[in-house]
Number of protein chains: 2
Amino acid sequence: MITLRDITKRYHMGEFEVHALRGVSLDIHDGDFVAIMGPSGSGKSTLMNVLGCLDVPTSGSYLLDGIEVAGMSEDELATVRNRKIGFVFQSFNLLPRMSAIEQVELPLSYARTPNRRQLSMAALESVGLGQRMFHKPAELSGGQQQRVAIARALVTQPSMILADEPTGNLDTQASEEIMGLFTRLNEQGITVIFVTHEPEIAAHTRRILTIRDGLVQSDRANTPV
Amino acid sequence: MITLRDITKRYHMGEFEVHALRGVSLDIHDGDFVAIMGPSGSGKSTLMNVLGCLDVPTSGSYLLDGIEVAGMSEDELATVRNRKIGFVFQSFNLLPRMSAIEQVELPLSYARTPNRRQLSMAALESVGLGQRMFHKPAELSGGQQQRVAIARALVTQPSMILADEPTGNLDTQASEEIMGLFTRLNEQGITVIFVTHEPEIAAHTRRILTIRDGLVQSDRANTPV
Ligand SMILES: Nc1ncnc2c1ncn2[C@@H]1O[C@H](COP(=O)(O)OP(=O)(O)OP(=O)(O)O)[C@@H](O)[C@H]1O
Ligand SMILES: Nc1ncnc2c1ncn2[C@@H]1O[C@H](COP(=O)(O)OP(=O)(O)OP(=O)(O)O)[C@@H](O)[C@H]1O
Ligand SMILES: [Mg+2]
Ligand SMILES: [Mg+2]
(Lines give C-alpha, C1' and ligand atoms only; values in the text may rest on other atoms or scores of the structure.)
(Ligands and ions follow the chains in the order given, each with its own letter.)
Protein backbone atom coordinates (compact mmCIF):
# COMPACT_ATOMS: atom_id res chain seq x y z
CA MET A 1 0.00 0.00 0.00
CA ILE A 2 1.33 3.41 -1.00
CA THR A 3 0.01 6.66 0.49
CA LEU A 4 1.36 9.97 -0.84
CA ARG A 5 0.22 13.25 0.76
CA ASP A 6 1.19 16.70 -0.56
CA ILE A 7 4.45 15.54 -2.13
CA THR A 8 6.53 18.38 -3.59
CA LYS A 9 9.90 18.32 -5.36
CA ARG A 10 11.83 21.52 -6.12
CA TYR A 11 15.15 21.91 -7.90
CA HIS A 12 17.31 24.99 -7.26
CA MET A 13 19.06 26.20 -10.42
CA GLY A 14 21.06 29.30 -9.57
CA GLU A 15 18.47 32.04 -9.18
CA PHE A 16 15.65 29.90 -10.64
CA GLU A 17 13.58 27.24 -8.93
CA VAL A 18 11.95 24.40 -10.85
CA HIS A 19 8.82 23.02 -9.17
CA ALA A 20 8.76 19.50 -10.64
CA LEU A 21 6.03 18.26 -8.23
CA ARG A 22 3.68 20.79 -6.62
CA GLY A 23 1.65 18.75 -4.13
CA VAL A 24 0.80 15.20 -5.24
CA SER A 25 -1.57 13.12 -3.11
CA LEU A 26 -2.64 9.61 -4.11
CA ASP A 27 -3.22 6.08 -2.81
CA ILE A 28 -2.01 2.95 -4.62
CA HIS A 29 -3.23 -0.42 -3.33
CA ASP A 30 -1.36 -3.72 -3.51
CA GLY A 31 -2.05 -5.35 -6.86
CA ASP A 32 -3.06 -2.14 -8.65
CA PHE A 33 -2.24 -1.82 -12.39
CA VAL A 34 -1.65 1.88 -13.05
CA ALA A 35 -0.53 3.96 -16.07
CA ILE A 36 0.87 7.47 -15.52
CA MET A 37 0.54 9.82 -18.51
CA GLY A 38 1.16 13.51 -19.10
CA PRO A 39 3.14 16.01 -21.17
CA SER A 40 6.92 15.92 -21.50
CA GLY A 41 8.39 17.73 -18.47
CA SER A 42 5.22 17.42 -16.37
CA GLY A 43 6.90 15.52 -13.50
CA LYS A 44 6.21 11.81 -14.29
CA SER A 45 9.82 10.59 -13.84
CA THR A 46 10.21 12.74 -10.73
CA LEU A 47 7.10 11.10 -9.28
CA MET A 48 8.38 7.62 -10.25
CA ASN A 49 11.74 8.33 -8.59
CA VAL A 50 9.95 9.31 -5.36
CA LEU A 51 7.71 6.21 -5.52
CA GLY A 52 10.77 4.03 -6.19
CA CYS A 53 12.61 5.48 -3.15
CA LEU A 54 15.35 6.71 -5.49
CA ASP A 55 14.79 10.36 -4.69
CA VAL A 56 13.65 12.19 -1.56
CA PRO A 57 10.76 14.68 -1.91
CA THR A 58 11.26 18.31 -0.84
CA SER A 59 8.20 18.05 1.40
CA GLY A 60 5.18 15.85 2.05
CA SER A 61 4.55 12.34 3.36
CA TYR A 62 5.18 8.98 1.66
CA LEU A 63 3.91 5.96 3.60
CA LEU A 64 5.01 2.62 2.08
CA ASP A 65 3.25 -0.28 3.86
CA GLY A 66 2.68 2.01 6.84
CA ILE A 67 6.30 3.18 7.18
CA GLU A 68 7.26 6.81 6.47
CA VAL A 69 9.88 6.72 3.70
CA ALA A 70 10.76 10.42 4.07
CA GLY A 71 12.37 9.65 7.44
CA MET A 72 14.47 6.67 6.25
CA SER A 73 18.26 6.55 6.14
CA GLU A 74 20.09 5.82 2.89
CA ASP A 75 20.67 2.21 4.01
CA GLU A 76 17.01 1.69 4.85
CA LEU A 77 15.99 3.15 1.47
CA ALA A 78 18.42 0.78 -0.29
CA THR A 79 16.95 -2.20 1.59
CA VAL A 80 13.39 -1.22 0.59
CA ARG A 81 14.49 -0.75 -3.04
CA ASN A 82 16.27 -4.11 -3.23
CA ARG A 83 13.57 -6.12 -1.45
CA LYS A 84 10.29 -4.62 -2.63
CA ILE A 85 10.78 -2.67 -5.85
CA GLY A 86 11.83 -3.46 -9.42
CA PHE A 87 12.66 -0.22 -11.29
CA VAL A 88 12.96 0.26 -15.08
CA PHE A 89 14.63 3.60 -15.86
CA GLN A 90 13.60 5.81 -18.80
CA SER A 91 17.25 5.81 -19.91
CA PHE A 92 17.75 2.08 -19.08
CA ASN A 93 20.82 2.69 -16.84
CA LEU A 94 22.66 -0.43 -18.00
CA LEU A 95 26.33 -0.89 -17.07
CA PRO A 96 28.33 -0.42 -20.31
CA ARG A 97 30.83 -3.25 -19.80
CA MET A 98 28.47 -6.03 -18.71
CA SER A 99 26.72 -8.54 -20.93
CA ALA A 100 22.91 -8.80 -20.82
CA ILE A 101 22.98 -11.91 -18.60
CA GLU A 102 25.38 -10.27 -16.13
CA GLN A 103 23.20 -7.12 -15.94
CA VAL A 104 20.14 -9.17 -15.05
CA GLU A 105 22.05 -11.36 -12.58
CA LEU A 106 23.59 -8.42 -10.68
CA PRO A 107 20.71 -7.75 -8.21
CA LEU A 108 20.58 -11.50 -7.46
CA SER A 109 24.33 -11.52 -6.79
CA TYR A 110 23.94 -8.76 -4.20
CA ALA A 111 21.21 -10.82 -2.49
CA ARG A 112 23.26 -14.05 -2.94
CA THR A 113 20.19 -15.75 -4.40
CA PRO A 114 20.81 -19.42 -5.37
CA ASN A 115 20.31 -20.54 -9.02
CA ARG A 116 20.80 -16.97 -10.16
CA ARG A 117 22.13 -17.90 -13.62
CA GLN A 118 19.00 -19.93 -14.40
CA LEU A 119 16.71 -17.21 -13.01
CA SER A 120 18.47 -14.58 -15.14
CA MET A 121 18.25 -16.69 -18.30
CA ALA A 122 14.53 -17.21 -17.69
CA ALA A 123 14.02 -13.45 -17.19
CA LEU A 124 15.82 -12.66 -20.48
CA GLU A 125 13.83 -15.36 -22.30
CA SER A 126 10.59 -13.83 -20.92
CA VAL A 127 11.41 -10.52 -22.68
CA GLY A 128 12.44 -12.23 -25.95
CA LEU A 129 16.21 -11.86 -25.60
CA GLY A 130 17.34 -15.48 -25.22
CA GLN A 131 19.57 -15.03 -28.31
CA ARG A 132 21.32 -11.90 -27.03
CA MET A 133 22.52 -13.00 -23.56
CA PHE A 134 26.19 -12.28 -24.08
CA HIS A 135 25.83 -8.96 -25.88
CA LYS A 136 26.96 -5.81 -24.11
CA PRO A 137 24.73 -2.68 -24.33
CA ALA A 138 26.66 -1.25 -27.30
CA GLU A 139 26.02 -4.54 -29.12
CA LEU A 140 22.27 -4.33 -28.60
CA SER A 141 19.57 -2.27 -30.31
CA GLY A 142 17.71 0.44 -28.34
CA GLY A 143 14.66 -1.73 -27.76
CA GLN A 144 16.85 -4.70 -26.78
CA GLN A 145 18.63 -2.57 -24.14
CA GLN A 146 15.25 -1.50 -22.84
CA ARG A 147 14.17 -5.12 -22.50
CA VAL A 148 17.36 -6.05 -20.61
CA ALA A 149 16.43 -3.26 -18.16
CA ILE A 150 12.93 -4.78 -17.83
CA ALA A 151 14.33 -8.28 -17.23
CA ARG A 152 16.68 -6.90 -14.56
CA ALA A 153 13.71 -5.28 -12.74
CA LEU A 154 11.68 -8.49 -12.79
CA VAL A 155 14.29 -11.07 -11.81
CA THR A 156 14.23 -10.27 -8.08
CA GLN A 157 10.49 -11.02 -8.03
CA PRO A 158 9.63 -7.68 -6.40
CA SER A 159 6.16 -6.98 -4.96
CA MET A 160 6.04 -3.73 -7.00
CA ILE A 161 7.33 -2.91 -10.49
CA LEU A 162 7.86 0.71 -11.51
CA ALA A 163 8.64 1.14 -15.23
CA ASP A 164 9.35 4.58 -16.76
CA GLU A 165 8.36 4.49 -20.49
CA PRO A 166 9.11 0.71 -20.85
CA THR A 167 7.94 0.54 -24.49
CA GLY A 168 9.40 3.85 -25.74
CA ASN A 169 11.79 2.07 -28.12
CA LEU A 170 9.71 -0.99 -28.97
CA ASP A 171 7.63 -1.79 -32.05
CA THR A 172 3.99 -2.77 -31.62
CA GLN A 173 4.61 -6.51 -31.31
CA ALA A 174 7.43 -6.21 -28.77
CA SER A 175 5.33 -3.65 -26.82
CA GLU A 176 2.37 -6.03 -26.71
CA GLU A 177 4.68 -8.82 -25.46
CA ILE A 178 5.92 -6.62 -22.63
CA MET A 179 2.40 -5.51 -21.73
CA GLY A 180 1.35 -9.18 -21.73
CA LEU A 181 4.21 -9.89 -19.31
CA PHE A 182 3.21 -7.01 -17.01
CA THR A 183 -0.43 -8.17 -17.10
CA ARG A 184 0.57 -11.73 -16.10
CA LEU A 185 2.75 -10.42 -13.25
CA ASN A 186 -0.10 -8.20 -12.08
CA GLU A 187 -2.47 -11.19 -12.12
CA GLN A 188 -0.01 -12.87 -9.70
CA GLY A 189 -0.59 -9.94 -7.32
CA ILE A 190 2.41 -7.75 -8.23
CA THR A 191 1.67 -4.00 -8.21
CA VAL A 192 2.60 -2.56 -11.62
CA ILE A 193 2.97 1.20 -12.16
CA PHE A 194 4.37 2.51 -15.45
CA VAL A 195 4.74 5.77 -17.31
CA THR A 196 3.73 5.85 -20.97
CA HIS A 197 2.93 8.46 -23.60
CA GLU A 198 1.05 5.93 -25.73
CA PRO A 199 -2.72 5.69 -25.01
CA GLU A 200 -2.92 2.19 -26.55
CA ILE A 201 -0.37 1.00 -23.97
CA ALA A 202 -2.19 2.69 -21.07
CA ALA A 203 -5.35 0.92 -22.27
CA HIS A 204 -3.99 -2.37 -20.80
CA THR A 205 -4.29 -1.05 -17.22
CA ARG A 206 -7.16 -0.63 -14.75
CA ARG A 207 -6.30 2.95 -13.72
CA ILE A 208 -4.91 5.96 -15.62
CA LEU A 209 -3.35 8.89 -13.76
CA THR A 210 -2.61 12.07 -15.72
CA ILE A 211 0.06 14.47 -14.43
CA ARG A 212 0.31 18.05 -15.65
CA ASP A 213 2.69 20.72 -14.39
CA GLY A 214 3.63 18.77 -11.26
CA LEU A 215 0.04 18.01 -10.17
CA VAL A 216 -2.42 15.12 -10.63
CA GLN A 217 -4.80 16.39 -13.31
CA SER A 218 -7.05 13.31 -13.47
CA ASP A 219 -7.28 9.84 -11.93
CA ARG A 220 -9.78 7.46 -13.54
CA ALA A 221 -10.63 3.79 -13.62
CA ASN A 222 -10.06 2.04 -16.95
CA THR A 223 -11.46 -1.19 -18.35
CA PRO A 224 -8.49 -3.05 -19.86
CA VAL A 225 -8.56 -3.78 -23.58
CA MET B 1 20.44 11.93 -53.85
CA ILE B 2 21.19 8.69 -52.00
CA THR B 3 21.72 5.38 -53.80
CA LEU B 4 22.28 2.22 -51.73
CA ARG B 5 23.02 -1.07 -53.47
CA ASP B 6 23.33 -4.42 -51.65
CA ILE B 7 24.41 -2.88 -48.35
CA THR B 8 25.31 -5.48 -45.71
CA LYS B 9 26.50 -5.02 -42.09
CA ARG B 10 27.86 -7.94 -40.07
CA TYR B 11 29.07 -7.95 -36.48
CA HIS B 12 31.50 -10.63 -35.32
CA MET B 13 30.78 -11.76 -31.75
CA GLY B 14 33.28 -14.45 -30.84
CA GLU B 15 32.08 -17.51 -32.74
CA PHE B 16 28.75 -15.92 -33.69
CA GLU B 17 28.03 -13.49 -36.51
CA VAL B 18 25.13 -11.06 -36.37
CA HIS B 19 23.83 -10.05 -39.83
CA ALA B 20 22.27 -6.68 -38.99
CA LEU B 21 21.79 -5.70 -42.67
CA ARG B 22 21.57 -8.45 -45.31
CA GLY B 23 21.51 -6.58 -48.63
CA VAL B 24 19.63 -3.28 -48.60
CA SER B 25 19.08 -1.44 -51.89
CA LEU B 26 17.11 1.81 -52.09
CA ASP B 27 17.07 5.29 -53.64
CA ILE B 28 16.24 8.45 -51.68
CA HIS B 29 15.76 11.66 -53.64
CA ASP B 30 16.49 15.20 -52.43
CA GLY B 31 13.47 16.51 -50.56
CA ASP B 32 12.01 13.08 -49.75
CA PHE B 33 10.09 12.67 -46.43
CA VAL B 34 10.60 9.06 -45.34
CA ALA B 35 9.65 7.00 -42.25
CA ILE B 36 11.54 3.77 -41.51
CA MET B 37 9.60 1.23 -39.41
CA GLY B 38 10.19 -2.35 -38.34
CA PRO B 39 10.55 -4.66 -35.34
CA SER B 40 13.02 -4.03 -32.53
CA GLY B 41 16.40 -5.43 -33.62
CA SER B 42 15.52 -5.46 -37.33
CA GLY B 43 18.40 -3.16 -38.40
CA LYS B 44 16.84 0.33 -38.51
CA SER B 45 19.54 2.11 -36.45
CA THR B 46 22.27 0.22 -38.30
CA LEU B 47 20.79 1.48 -41.59
CA MET B 48 20.54 5.03 -40.21
CA ASN B 49 24.17 4.92 -39.08
CA VAL B 50 25.23 3.87 -42.60
CA LEU B 51 23.06 6.60 -44.20
CA GLY B 52 24.48 9.16 -41.74
CA CYS B 53 28.09 8.20 -42.64
CA LEU B 54 28.64 7.24 -39.00
CA ASP B 55 29.31 3.59 -39.73
CA VAL B 56 30.91 1.80 -42.68
CA PRO B 57 28.96 -1.10 -44.26
CA THR B 58 30.58 -4.54 -44.49
CA SER B 59 29.87 -4.60 -48.23
CA GLY B 60 27.81 -2.84 -50.88
CA SER B 61 27.76 0.60 -52.48
CA TYR B 62 26.56 3.92 -50.99
CA LEU B 63 26.54 6.83 -53.45
CA LEU B 64 25.79 10.19 -51.80
CA ASP B 65 25.32 12.90 -54.45
CA GLY B 66 27.28 10.72 -56.88
CA ILE B 67 30.28 10.13 -54.60
CA GLU B 68 31.02 6.64 -53.23
CA VAL B 69 30.99 6.97 -49.43
CA ALA B 70 32.44 3.47 -48.89
CA GLY B 71 35.75 4.68 -50.27
CA MET B 72 36.01 7.86 -48.17
CA SER B 73 38.63 8.54 -45.50
CA GLU B 74 37.63 9.34 -41.92
CA ASP B 75 38.27 13.05 -42.55
CA GLU B 76 36.15 13.08 -45.70
CA LEU B 77 33.33 11.27 -43.83
CA ALA B 78 33.52 13.87 -41.04
CA THR B 79 33.30 16.70 -43.57
CA VAL B 80 30.22 15.14 -45.21
CA ARG B 81 28.61 14.63 -41.79
CA ASN B 82 29.24 18.20 -40.64
CA ARG B 83 28.22 19.88 -43.89
CA LYS B 84 25.30 17.85 -45.18
CA ILE B 85 23.75 15.80 -42.39
CA GLY B 86 21.94 16.54 -39.11
CA PHE B 87 21.74 13.34 -37.00
CA VAL B 88 19.44 12.69 -34.01
CA PHE B 89 20.59 9.58 -32.09
CA GLN B 90 18.16 7.09 -30.51
CA SER B 91 20.02 7.57 -27.21
CA PHE B 92 20.39 11.37 -27.70
CA ASN B 93 24.22 11.35 -27.21
CA LEU B 94 24.29 14.64 -25.31
CA LEU B 95 27.47 15.69 -23.50
CA PRO B 96 26.78 15.33 -19.74
CA ARG B 97 28.50 18.53 -18.58
CA MET B 98 27.15 20.98 -21.15
CA SER B 99 24.00 23.08 -20.87
CA ALA B 100 21.32 22.77 -23.56
CA ILE B 101 22.42 25.99 -25.31
CA GLU B 102 26.07 24.85 -25.38
CA GLN B 103 25.11 21.45 -26.82
CA VAL B 104 23.21 23.06 -29.68
CA GLU B 105 25.95 25.66 -30.30
CA LEU B 106 28.78 23.09 -30.46
CA PRO B 107 28.50 22.15 -34.18
CA LEU B 108 28.37 25.88 -35.05
CA SER B 109 31.50 26.49 -32.96
CA TYR B 110 33.38 23.84 -34.96
CA ALA B 111 32.30 25.57 -38.20
CA ARG B 112 33.00 29.04 -36.68
CA THR B 113 29.54 30.18 -37.78
CA PRO B 114 28.80 33.84 -36.88
CA ASN B 115 25.78 34.65 -34.63
CA ARG B 116 25.88 31.14 -33.26
CA ARG B 117 24.34 32.08 -29.89
CA GLN B 118 21.26 33.55 -31.58
CA LEU B 119 20.98 30.62 -33.99
CA SER B 120 21.17 28.16 -31.07
CA MET B 121 18.55 30.03 -29.05
CA ALA B 122 16.22 30.02 -32.06
CA ALA B 123 16.74 26.27 -32.54
CA LEU B 124 15.91 25.57 -28.87
CA GLU B 125 12.85 27.83 -29.07
CA SER B 126 11.70 25.93 -32.18
CA VAL B 127 11.56 22.67 -30.15
CA GLY B 128 9.82 24.33 -27.18
CA LEU B 129 12.81 24.53 -24.83
CA GLY B 130 13.33 28.29 -24.55
CA GLN B 131 12.89 27.99 -20.75
CA ARG B 132 15.49 25.23 -20.28
CA MET B 133 18.54 26.69 -22.09
CA PHE B 134 20.93 26.51 -19.16
CA HIS B 135 19.92 23.07 -17.89
CA LYS B 136 22.42 20.23 -18.23
CA PRO B 137 21.13 16.80 -19.41
CA ALA B 138 20.69 15.49 -15.83
CA GLU B 139 18.50 18.54 -15.15
CA LEU B 140 16.19 17.79 -18.08
CA SER B 141 13.40 15.27 -18.55
CA GLY B 142 13.81 12.43 -21.09
CA GLY B 143 11.70 14.18 -23.71
CA GLN B 144 13.49 17.49 -23.10
CA GLN B 145 16.88 15.80 -23.69
CA GLN B 146 15.50 14.32 -26.89
CA ARG B 147 14.44 17.76 -28.09
CA VAL B 148 17.87 19.23 -27.33
CA ALA B 149 19.30 16.50 -29.59
CA ILE B 150 16.80 17.50 -32.31
CA ALA B 151 17.69 21.19 -32.01
CA ARG B 152 21.40 20.33 -32.26
CA ALA B 153 20.76 18.41 -35.51
CA LEU B 154 18.80 21.29 -37.05
CA VAL B 155 20.96 24.26 -36.12
CA THR B 156 23.59 23.68 -38.84
CA GLN B 157 20.84 23.87 -41.48
CA PRO B 158 21.82 20.54 -43.06
CA SER B 159 20.41 19.42 -46.41
CA MET B 160 19.42 16.08 -44.84
CA ILE B 161 18.08 15.27 -41.36
CA LEU B 162 18.29 11.71 -40.04
CA ALA B 163 16.36 11.18 -36.77
CA ASP B 164 16.33 7.80 -34.98
CA GLU B 165 13.06 7.54 -32.94
CA PRO B 166 12.81 11.35 -32.38
CA THR B 167 9.46 11.13 -30.55
CA GLY B 168 10.14 8.01 -28.44
CA ASN B 169 9.94 9.97 -25.18
CA LEU B 170 7.43 12.64 -26.17
CA ASP B 171 3.72 12.93 -25.40
CA THR B 172 1.28 13.39 -28.26
CA GLN B 173 1.37 17.21 -28.27
CA ALA B 174 5.18 17.46 -28.17
CA SER B 175 5.38 14.75 -30.88
CA GLU B 176 2.99 16.67 -33.12
CA GLU B 177 5.07 19.84 -32.62
CA ILE B 178 8.24 18.00 -33.69
CA MET B 179 6.48 16.45 -36.70
CA GLY B 180 5.19 19.93 -37.63
CA LEU B 181 8.78 21.18 -37.47
CA PHE B 182 10.06 18.33 -39.67
CA THR B 183 7.23 18.93 -42.15
CA ARG B 184 8.11 22.65 -42.41
CA LEU B 185 11.82 21.83 -42.91
CA ASN B 186 10.89 19.30 -45.59
CA GLU B 187 8.74 21.90 -47.34
CA GLN B 188 11.91 24.06 -47.54
CA GLY B 189 13.54 21.21 -49.48
CA ILE B 190 15.39 19.44 -46.66
CA THR B 191 15.42 15.63 -46.96
CA VAL B 192 13.98 14.15 -43.74
CA ILE B 193 14.42 10.45 -42.88
CA PHE B 194 13.37 9.19 -39.44
CA VAL B 195 12.83 5.91 -37.65
CA THR B 196 9.62 5.47 -35.68
CA HIS B 197 7.64 2.63 -34.15
CA GLU B 198 4.47 4.72 -34.02
CA PRO B 199 2.22 4.45 -37.12
CA GLU B 200 0.52 7.79 -36.36
CA ILE B 201 3.93 9.48 -36.56
CA ALA B 202 4.86 7.72 -39.82
CA ALA B 203 1.52 8.94 -41.20
CA HIS B 204 3.00 12.48 -41.54
CA THR B 205 5.44 11.33 -44.27
CA ARG B 206 5.13 10.63 -48.01
CA ARG B 207 6.97 7.30 -47.97
CA ILE B 208 7.10 4.42 -45.45
CA LEU B 209 9.93 1.86 -45.58
CA THR B 210 9.59 -1.29 -43.45
CA ILE B 211 12.72 -3.19 -42.44
CA ARG B 212 12.59 -6.76 -41.17
CA ASP B 213 15.56 -8.98 -40.31
CA GLY B 214 18.08 -6.75 -42.07
CA LEU B 215 16.13 -6.44 -45.36
CA VAL B 216 13.64 -3.98 -46.88
CA GLN B 217 10.28 -5.72 -46.46
CA SER B 218 8.12 -3.03 -48.05
CA ASP B 219 8.48 0.47 -49.52
CA ARG B 220 5.26 2.34 -50.21
CA ALA B 221 4.05 5.83 -50.94
CA ASN B 222 1.92 7.46 -48.23
CA THR B 223 -0.50 10.37 -48.35
CA PRO B 224 0.32 12.55 -45.31
CA VAL B 225 -2.39 13.08 -42.74
N1 LIG C 1 17.92 17.70 -11.63
C2 LIG C 1 17.06 18.62 -12.10
N3 LIG C 1 17.34 19.94 -11.96
C4 LIG C 1 16.49 20.88 -12.46
N5 LIG C 1 15.34 20.62 -13.10
C6 LIG C 1 15.02 19.33 -13.26
C7 LIG C 1 15.84 18.26 -12.79
N8 LIG C 1 15.26 17.07 -13.11
C9 LIG C 1 14.12 17.39 -13.75
N10 LIG C 1 13.98 18.73 -13.84
C11 LIG C 1 12.85 19.46 -14.44
O12 LIG C 1 11.67 19.03 -13.76
C13 LIG C 1 10.59 18.87 -14.71
C14 LIG C 1 10.02 17.47 -14.58
O15 LIG C 1 10.96 16.52 -15.04
P16 LIG C 1 10.55 15.00 -15.24
O17 LIG C 1 11.77 14.26 -15.69
O18 LIG C 1 9.86 14.46 -14.03
O19 LIG C 1 9.47 15.09 -16.42
P20 LIG C 1 8.72 13.92 -17.23
O21 LIG C 1 7.26 14.10 -17.02
O22 LIG C 1 9.28 12.59 -16.87
O23 LIG C 1 9.07 14.26 -18.74
P24 LIG C 1 9.36 13.27 -20.02
O25 LIG C 1 8.01 12.75 -20.45
O26 LIG C 1 9.96 14.23 -21.02
O27 LIG C 1 10.29 12.19 -19.60
C28 LIG C 1 11.18 19.15 -16.10
O29 LIG C 1 10.74 20.39 -16.59
C30 LIG C 1 12.67 19.15 -15.92
O31 LIG C 1 13.31 20.13 -16.72
N1 LIG D 1 27.87 -3.64 -32.12
C2 LIG D 1 27.08 -4.70 -32.32
N3 LIG D 1 27.55 -5.94 -32.15
C4 LIG D 1 26.75 -7.02 -32.31
N5 LIG D 1 25.45 -6.98 -32.64
C6 LIG D 1 24.93 -5.75 -32.83
C7 LIG D 1 25.69 -4.55 -32.67
N8 LIG D 1 24.87 -3.48 -32.90
C9 LIG D 1 23.66 -4.00 -33.19
N10 LIG D 1 23.69 -5.35 -33.14
C11 LIG D 1 22.57 -6.27 -33.42
O12 LIG D 1 22.12 -5.96 -34.76
C13 LIG D 1 20.70 -6.03 -34.80
C14 LIG D 1 20.17 -4.69 -35.37
O15 LIG D 1 20.41 -3.66 -34.45
P16 LIG D 1 19.74 -2.23 -34.66
O17 LIG D 1 20.21 -1.35 -33.54
O18 LIG D 1 20.01 -1.73 -36.04
O19 LIG D 1 18.19 -2.54 -34.53
P20 LIG D 1 16.93 -1.56 -34.52
O21 LIG D 1 16.05 -1.94 -35.65
O22 LIG D 1 17.37 -0.14 -34.47
O23 LIG D 1 16.19 -1.93 -33.17
P24 LIG D 1 15.38 -0.99 -32.09
O25 LIG D 1 14.05 -0.69 -32.73
O26 LIG D 1 15.27 -1.90 -30.89
O27 LIG D 1 16.17 0.23 -31.83
C28 LIG D 1 20.20 -6.29 -33.37
O29 LIG D 1 19.74 -7.60 -33.25
C30 LIG D 1 21.39 -6.07 -32.48
O31 LIG D 1 21.46 -6.99 -31.41
MG1 LIG E 1 10.43 11.16 -17.90
MG1 LIG F 1 17.32 1.37 -33.03
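What you see below is based on every heavy atom in this structure, not just the backbone, and it leaves out hydrogens, waters and symmetry mates. Keep in mind it's a predicted model, so treat the numbers as computed, not measured. Proteins come first, then strands; the chains are lettered A, B, ... in the order of their sequence lines, and each starts at number 1.
With hydrogens and angles ignored, the 3.5 Å screen pairs a side-chain donor or acceptor of S25(A) with a backbone N or O of D6(A). Within the 3.5 Å criterion, the main-chain N or O of T210(B) finds no donor-acceptor partner in the side chain of K44(B). Remark: the backbone N or O of L170(A) is not paired with any side-chain donor or acceptor of S40(B) at under 3.5 angstrom. Judged purely by atom type and a 3.5 angstrom limit, N222(A) uses its side chain to pair as donor or acceptor with the backbone of A203(A).
At a 4.5 Å heavy-atom cutoff, the contact between T167(A) and chain B is made by backbone atoms alone. If you measure heavy-atom distances from Q146(A) to chain B, you find no contacts under 4.5 Å at all. Contacts of Q144(A) with chain B are made by both backbone and side-chain atoms, with heavy-atom separations under 4.5 Å. Neither the backbone nor the side chain of Q145(A) comes within contact range of chain B; no heavy atom of the residue lies under 4.5 Å from a heavy atom of that chain. Heavy atoms closer than 4.5 Å to chain A are found in the backbone of F134(B), but not in its side chain. With a 4.5 Å cut-off on non-hydrogen atoms, V195(A) does not touch chain B at all. Q131(A) does not touch chain B: none of its heavy atoms, backbone or side chain, sits under 4.5 Å away.
Side-chain contact, S91(B) with N93(B): a donor N or O sits under 3.5 Å from an acceptor N or O.
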Show, in sequence, the C-alpha distance, side-chain angles and deciding distance for L95(B) and E102(B), and conclude whether the side chain to side chain contact (heavy atoms under 4.5 Å, CB included) test is met. CA-CA 9 Å; L95(B) 299 169; E102(B) 291 169 323; over 6 Å; no

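Counting heavy-atom pairs under 4.5 Å between each of G168(B), P199(B), A20(B) and chain A puts G168(B) at the top. Most heavy-atom pairs under 4.5 Å with chain B: of the set A174(A), S175(A), G41(A), this distinction falls to G41(A). In terms of heavy-atom pairs under 4.5 Å with chain A, the best-connected choice from Q173(B), R147(B), E165(B), M37(B) is R147(B).
Applying the salt bridge (charged side-chain N to carboxylate O under 4.0 Å, His left out) test between D55(A) and each of K9(A), R10(A), R81(A) identifies K9(A) as the sole match.
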